[in-house]
Amino acid sequence: MENLFDLLVIGGGPAGYLAAERAGHAGMKAAVAEKRALGGVCLNEGCIPSKAFLNSAKMYDHARHSEAYGVTATGVSIDHAKVVARKNKVVKQLVSGVGMKMKQNHVTVLNGVAKITGRSAEGFTVTVEGQTYTAKRLLIASGSVPVVPPIPGVKEGVAAGYVMTNREILDMTEVPKELVVIGGGVIGLEMASYFNSIGSHVTVIEMLDKIAGPTDREISSILLKNYQKKGVDFKLSCKVVGVSEGSVSYEEKGEQKSVKADKVLLSIGRRAFTQDLGLETIGVYTERGAIVTDEQMRTNVAGVYAAGDVNGKIMLAHTAYRESEVAVNNMLGRKDVMRYHAIPSVIYTNPEVGAVGETEESAKAKGMDVEISTVSMKYAGRYVAEEENGDGICKLIIDKKYKRLLGAHLIGSYASEIIYGAALMVETEMTVDSIKELVFPHPTVSEIIREALFEAKI
Ligand code: NAI
């Protein structure tokens, strides 16, 4: 039967397209339904476009601020509209690459909104653009959407265009004079970093007393200082109470204040997207709007799996990749389980932040007996050779009893590329002694892990 699939995936983002690809590769007849563009938020309006932006900013910063390295450039400028155009080219290339992968793995791409309608004798029924499809299994990978808070003026601002989410800001070709970022998490900081570099005056309003969410406190404070030095204004422990065209009002220690705003970025988090999917027709269980999954990515309904942001666990593309592989492996009868304790996270600011595993705070809160070893990045020769006045650090969290690495937290150049090595050590439960026997390439900033280990009093 033409419209009968072994697996129908709802959502073509990192979780969805990879699941379809892996399933197709393993010989399943797979389909993926996508209402916008393959690649989802990550490829079209998240991870990838923001990295294109940030790389342009880095090049611009290097060109302007390299006198200490013996490099002086004059007449340097940045054309934001060109940065956006290049970003669009990068996105187009990668989206078409995902399309190619679908073809190579004989995956049927269904363009349109998918809605589960129930069951038939053959499996689950799903409609896409008026057409009905049947699948023996479903994988729900419908992702997440930005949280839009009920703050007065926000809804109107979104409708009028001066309040943006990650989607709109990445397509904006003008450079706002005053950009106000609500929420000092990952999206807020990466966008604050870019617009600060290209000339906007940026104010970040964050309700907590620190930026970068669950990031290690010491690292979060180094990041804060770096961006304060670059001219970003931070309003910490502040609550936004209203947004209007031209300004944002907030409360600081009970006092109402306001700040000028030509544009406002809303980056206070994301929530799982499960609206109008027809989950109720087959009884898929959700909790606070997210689909509940077990360690094999199964939902409460046999044959229905969920992966990626929609399960509300760790909203990162690389988590989604692995979850989708776990789901497909289990569908194929290969027992596989999802582990969340060694998922690295990165903030692509300048300096970069890379982290994995327990933080000092989380380990102590769990009552773990840990040794904390913190060293300056200056212990790595390459860092000193390449960074003038760098204030990066590497902080390791080590289990005293079992002498195992539980967490690693870095701020400094290449942290984004180094962190996977630390994640490997945490995931494979390497002991400090065996890590000490590893040979790191010299000179690289990655040697900082080794330095921090040898400094540890263990
Ligand atoms: P987030 O959860 O990282 O940060 C939201 C921040 O907003 C928090 O610090 C929170 O305290 C603050 N906040 C919440 N309500 C507020 C309010 N009313 N006023 C002021 N501050 C408020 O969320 P974000 O930055 O929107 O990112 C969404 C998702 O996208 C995250 O799950 C993140 O993991 C993912 N992402 C990952 C990236 C990466 O891995 N490099 C890059 C960008 C996004």
Side-chain angles (χ1 to χ4, degrees), residues 13-15 40-55 143-155 157 163-170 180-194 203-215 217 220 223-224 233-243 248-252 257 259 261 264-273 290 308-321 340 343-356 410-411 415-417 419-420 423:
V41 170
C42 165
L43 237 161
N44 293 282
E45 54 202 45
C47 323
I48 299 293
S50 56
K51 284 343 57 89
F53 270 32
L54 288 165
N55 190 51
S144 62
V145 287
V147 171
V148 178
I151 297 171
V154 163
K155 242 170 109 186
V163 177
M164 299 170 292
T165 67
N166 56 295
R167 176 176 296 165
E168 296 80 34
I169 200 166
L170 289 162
V180 173
V181 174
I182 306 181
V186 211
I187 295 183
L189 291 172
E190 290 186 359
M191 286 300 102
S193 173
Y194 175 74
T203 306
V204 177
I205 307 180
E206 166 60 54
M207 68 178 186
L208 301 180
D209 64 350
K210 72 187 270 259
I211 56 167
T215 305
R217 212 163 248 283
S220 155
L223 189 61
L224 179 78
D233 272 333
F234 289 91
K235 312 282 181 202
L236 301 182
S237 307
C238 287
K239 192 172 156 222
V240 175
V241 290
V243 176
V248 173
S249 354
Y250 61 96
E251 230 174 68
E252 188 170 21
K257 297 180 175 175
V259 60
V264 177
L265 171 67
L266 202 55
S267 49
I268 62 160
R270 301 181 65 88
R271 62 175 173 82
F273 179 77
D309 288 8
V310 75
N311 65 32
K313 287 186 174 152
I314 298 184
M315 293 193 178
L316 292 171
H318 45 281
T319 308
Y321 282 149
Y340 292 97
I343 293 178
S345 65
V346 171
I347 311 177
Y348 295 85
T349 39
N350 184 13
E352 298 178 344
V353 175
V356 67
L410 286 81
I411 179 164
S416 59
E417 298 290 344
I419 201 64
Y420 103 93

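Counting starts at 1 for both ligands and their atoms, following the listed order. Note: hydrogens, waters and symmetry copies are ignored here, and every other heavy atom, side chains too, is used. Here the structure is a predicted model, which is why all the values come from computation and not from measurement. Numbers here are sequence positions counted from 1.
- Applying the side chain to side chain contact (heavy atoms under 4.5 Å, CB included) criterion to K257, with sequence neighbours excluded, gives Y250, E252, E255.
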May I have a table of the N/O to N/O pairs between ligand 1 and the protein that fall below 3.5 Å, each row giving the two atom names and the distance to 0.1 Å?
residue	atom	partner	partner atom	Å
ligand 1	3 (O)	V186	N	3.3
ligand 1	9 (O)	E206	OE1	2.6
ligand 1	9 (O)	E206	OE2	3.2
ligand 1	11 (O)	E206	OE2	2.6
ligand 1	21 (N)	M207	N	3.3
ligand 1	23 (O)	G269	N	3.3
ligand 1	25 (O)	V186	N	3.3
ligand 1	25 (O)	I187	N	2.9
ligand 1	26 (O)	S267	O	3.4
ligand 1	26 (O)	G269	N	2.9
ligand 1	34 (O)	M315	O	3.3
ligand 1	40 (O)	V346	O	3.4
ligand 1	41 (N)	E190	OE2	3.0
ligand 1	41 (N)	V346	O	2.8

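- For L208, the side chain to side chain contact (heavy atoms under 4.5 Å, CB included) criterion is met by E206, not counting sequence neighbours.
- Taking the side chain to side chain contact (heavy atoms under 4.5 Å, CB included) definition, one finds that P214 meets it with nothing, sequence neighbours left out.
- Proximity of a side-chain donor or acceptor of N311 to a complementary backbone N or O of A290 within less than 3.5 Å is not detected.
- In this structure, NZ on K235 lies 6.0 Å from OG1 on T203, to the nearest 0.5 angstrom.
- Tested against S249 for a side-chain contact (heavy atoms from CB on, under 4.5 Å), the candidates I151, V241, V259, V240 yield a single pass: V241.
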